[in-house]
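Chain letters run A, B, ... following the sequence lines, proteins first, then strands; residues in each count from 1.
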Number of protein chains: 2
Amino acid sequence: MKSNITMKDIADKLGVSSVTVSKALNDKEGVSESLKLQIKKIAGEMGYRYNSAAKSIKEGLSYNVGVMIPQRFTGMNSSFYLRVYQQISLHLDHYGYFGILNILSNEDEDQLNFPRVYSENKVDGIIILGQVSKEYIQTVQNMNMPKLFLDFYDEHAEVDSIIQDNFYGAYELTNYLIRLGHRDIAYVGNIYSTSSIQDRFLGYYKSLLEHGLAFQERLLLNDRDERGRYIDIQLPERMPTAFVCNCDQVAYNLYERLTEAGYSVPADCSVVGFDNDVYATLVSPHLTTVEVDIDQMARTAVKFMMEKLESPGRRNGRVLVQGKIVFRDSVKRLEANN
Amino acid sequence: MKSNITMKDIADKLGVSSVTVSKALNDKEGVSESLKLQIKKIAGEMGYRYNSAAKSIKEGLSYNVGVMIPQRFTGMNSSFYLRVYQQISLHLDHYGYFGILNILSNEDEDQLNFPRVYSENKVDGIIILGQVSKEYIQTVQNMNMPKLFLDFYDEHAEVDSIIQDNFYGAYELTNYLIRLGHRDIAYVGNIYSTSSIQDRFLGYYKSLLEHGLAFQERLLLNDRDERGRYIDIQLPERMPTAFVCNCDQVAYNLYERLTEAGYSVPADCSVVGFDNDVYATLVSPHLTTVEVDIDQMARTAVKFMMEKLESPGRRNGRVLVQGKIVFRDSVKRLEANN
DNA sequence: CTGAAAGCGCTTACAG
DNA sequence: CTGAAAGCGCTTACAG
């Protein structure tokens, strides 16, 4: 399968030099218009394909970017990162780059091995998509090429990161509920479980504070045990008018719980979620929720990476990408508030 | 970011030639053991990284395989192909290869453009993942490198393909129902909608035939209109004891319909699905269904590709990958049949 | 065991 | 406008 037609072959066919062919095919100065046209025509006929390896070796650039996803985020039910990767791939294309997916195996993560894309110089930069261990972060820092953390950050690492704005999303969502007249609003989630649940809680909390609403313990409902397994949600004795759930799946669970207890959404109480995944449209009525702007995350990551490739010293720090509220039918405007 | 350490740098540091360094680093014959060790040590210290572009240019091999997914299969809710890609990527790794994802845009498909991975010689072979247009299949055939169709095939194209065995999966599932004593079994799906719905129907049909059970029109329930939108499933007047649904999502829809009508699964009637996606475990009781063996598909695709890379003439034809039944609690053994 | 020479395909000065 | 020369980093014969 190495029927490789080279510039030399085209040059020989036309009795010119390969330098001239190179100039013609790259639309560079120094070839007469007619020769250029002729060369391009012959190239097409001969099925010539550019050899990017030769370019790579000259420029020391592979025109690839590695996207590394830790293995544990790649299970059956977690296609989120794959979708992010897909968008990254699409945006890289605009810059003439390609994305190489690299699943970081648990072993490689434990043994602090460099990924093969790095040790074989297959990529010009690397995007780490999804939290890796503290120790591996150090390994990443030892890699001598532009790098970027996506969807997580490390306070000590000198690595730029792009994360979704969990805090602001929950803040906006809660503001929205308050604007519609809700005053007694619960938060559903184990705030000691993950940092995103905690950050979302904080956004909810800030909204309450800003509106002079007192937070009370009874308004914090647990959704999972310390190992992350969902538990039955205990509804408070005096029911709030609205629930902010830390994610759509928990909202789904809450719906079931409410139905059992004889409450109807949104007539008796309103519910909002987070993520806009399958669960958001699996419940009836469909859930008002926050959608992570995957495209924006990918676009930003690629932009930053390209900038770093241009000027390696470039820093962007910790950048937040805001989600957008998807308004559906799980929230009711309270009469009280006109 | 081109602080590239080369073999020459290592050689200079030790006062040897780069040829010797090359041999040492590649564990080739012709270097004394002690020198080899020393070279490897220095290489490590200097942070040397192999330049795979140089290898590529020598061998005419990129050690990359392209995976092309038509844009229309990459929406929000279709992560199936991304998961396949992920597995391909994993298996390629075993062979020292990398996978480059290439989303085929609708425009490129319409205009029959070669993908950039091809025209820039970025890959040694290409896997087309998901049905492309008749016209584009021709374009694929014009590509002068090993290629493979995955999850679809074309009767006229001289291209090997790997597809899931829809027919056999439904056949087995129906056999299972019959073995448990079911005799009156319905199929849910619009058999004119897609070829996989049709093939699954045929598997169901064959099972009936083999067991001497008569198929009747009343046993074929429609699930979607000609544009693919789900419609309300009409339950037959005389209820069957079991339903074979063409996919899990439709089984999910059927559950709702059955619940409305006052039937309970599996007490009153049994239900099976296909795909083993989220919907399978969203219903209660969880659904017995067929899981596509993504790993097997990916593994086979990579194996075939590697063989083609070895010997380009190699043909494998149309290969079917069988799914596996996932037994859960949506099926009841009928008393009648001990 | 060790290394000088040539070459993979292309591009970048530079000379004509 | 056109092209000979050198070089990118590595490997493959081949000579010593």
Side-chain angles (χ1 to χ4, degrees), chain A residues 1-40 42-43 46-64 96 118-124 144-145, chain B residues 1-40 42-43 46-64 96 119-124 144:
Chain A
M1 205 86 306
K2 45 187 62 172
S3 66
N4 291 325
I5 313 287
T6 70
M7 288 189 180
K8 187 77 175 53
D9 296 328
I10 301 174
D12 289 349
K13 191 141 196 166
L14 268 80
V16 298
S17 82
S18 61
V19 176
T20 301
V21 174
S22 169
K23 284 172 185 161
L25 260 24
N26 288 294
D27 286 315
K28 295 242 164 106
E29 307 227 308
V31 209
S32 67
E33 198 59 25
S34 62
L35 218 201
K36 188 203 274 190
L37 251 41
Q38 204 180 150
I39 289 173
K40 287 193 171 178
I42 298 288
M46 295 177 76
Y48 171 76
R49 282 184 287 145
Y50 186 81
N51 186 325
S52 56
K55 187 186 185 187
S56 288
I57 207 173
K58 282 289 288 184
E59 303 186 7
L61 246 29
S62 66
Y63 292 98
N64 293 144
Y118 176 72
S119 48
E120 292 182 10
N121 253 312
K122 275 280 199 171
V123 298
D124 302 333
N144 179 29
M145 62 169 53
Chain B
M1 204 86 308
K2 46 186 62 173
S3 66
N4 292 325
I5 313 288
T6 70
M7 288 189 179
K8 187 78 175 51
D9 297 327
I10 301 174
D12 289 350
K13 192 140 197 166
L14 268 79
V16 297
S17 83
S18 60
V19 175
T20 302
V21 174
S22 169
K23 285 172 185 160
L25 260 24
N26 288 294
D27 286 315
K28 296 241 163 109
E29 307 226 307
V31 209
S32 68
E33 198 60 26
S34 63
L35 219 201
K36 189 204 274 192
L37 252 39
Q38 204 180 149
I39 289 174
K40 287 194 172 181
I42 299 286
M46 294 176 78
Y48 170 76
R49 284 184 286 145
Y50 186 81
N51 186 325
S52 57
K55 187 186 186 189
S56 289
I57 206 172
K58 281 290 288 182
E59 303 186 9
L61 246 30
S62 66
Y63 292 97
N64 293 143
S119 48
E120 291 182 12
N121 253 313
K122 275 279 198 171
V123 298
D124 302 333
N144 180 29

Next on the checklist: On the nucleotide D/dC1, are OP1 or OP2 found under 4.0 Å from the side-chain N or O atoms that A/Ser32 carries?
Outcome noted: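 No.
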Counting side-chain heavy atoms from C-beta on, which of [options] comes nearest to [X]?
| X | options | value |
| --- | --- | --- |
| A/Lys58 | D/dG9, D/dG3, D/dG7 | D/dG7 |
| B/Val31 | D/dG3, D/dT11, C/dT2 | C/dT2 |
| A/Tyr50 | D/dT2, C/dT11, C/dG3 | C/dT11 |

Atom pair distance, as rounded to whole Å: [atom1] in [X] and [atom2] in [N]:
| X | N | atom1 | atom2 | value |
| --- | --- | --- | --- | --- |
| A/Asn26 | C/dT11 | CG | C1' | 8 Å |
| B/Arg49 | D/dC10 | CZ | P | 11 Å |
| A/Asn51 | C/dG9 | CG | C1' | 6 Å |
| B/Ile39 | C/dC1 | CD1 | P | 12 Å |
| A/Ile57 | C/dC8 | CD1 | C1' | 8 Å |
| A/Asp9 | C/dG7 | CG | C1' | 15 Å |
| A/Asp27 | C/dT11 | CG | P | 12 Å |
| A/Leu37 | D/dC1 | CG | P | 14 Å |

Checklist entry - Whom does C/dA4 pair with, Watson-Crick or G-U wobble, provided both distances fall under 3.5 Å? => result none
Item to check | Residue matched to C/dA13 through Watson-Crick or wobble contacts both under 3.5 angstrom | outcome: none
Checklist outcome for this item: Assign each of A/Val19 and B/Val19 the nucleotide of DNA chain C bearing its closest heavy atom; nearer the 5' end lies the nucleotide of B/Val19
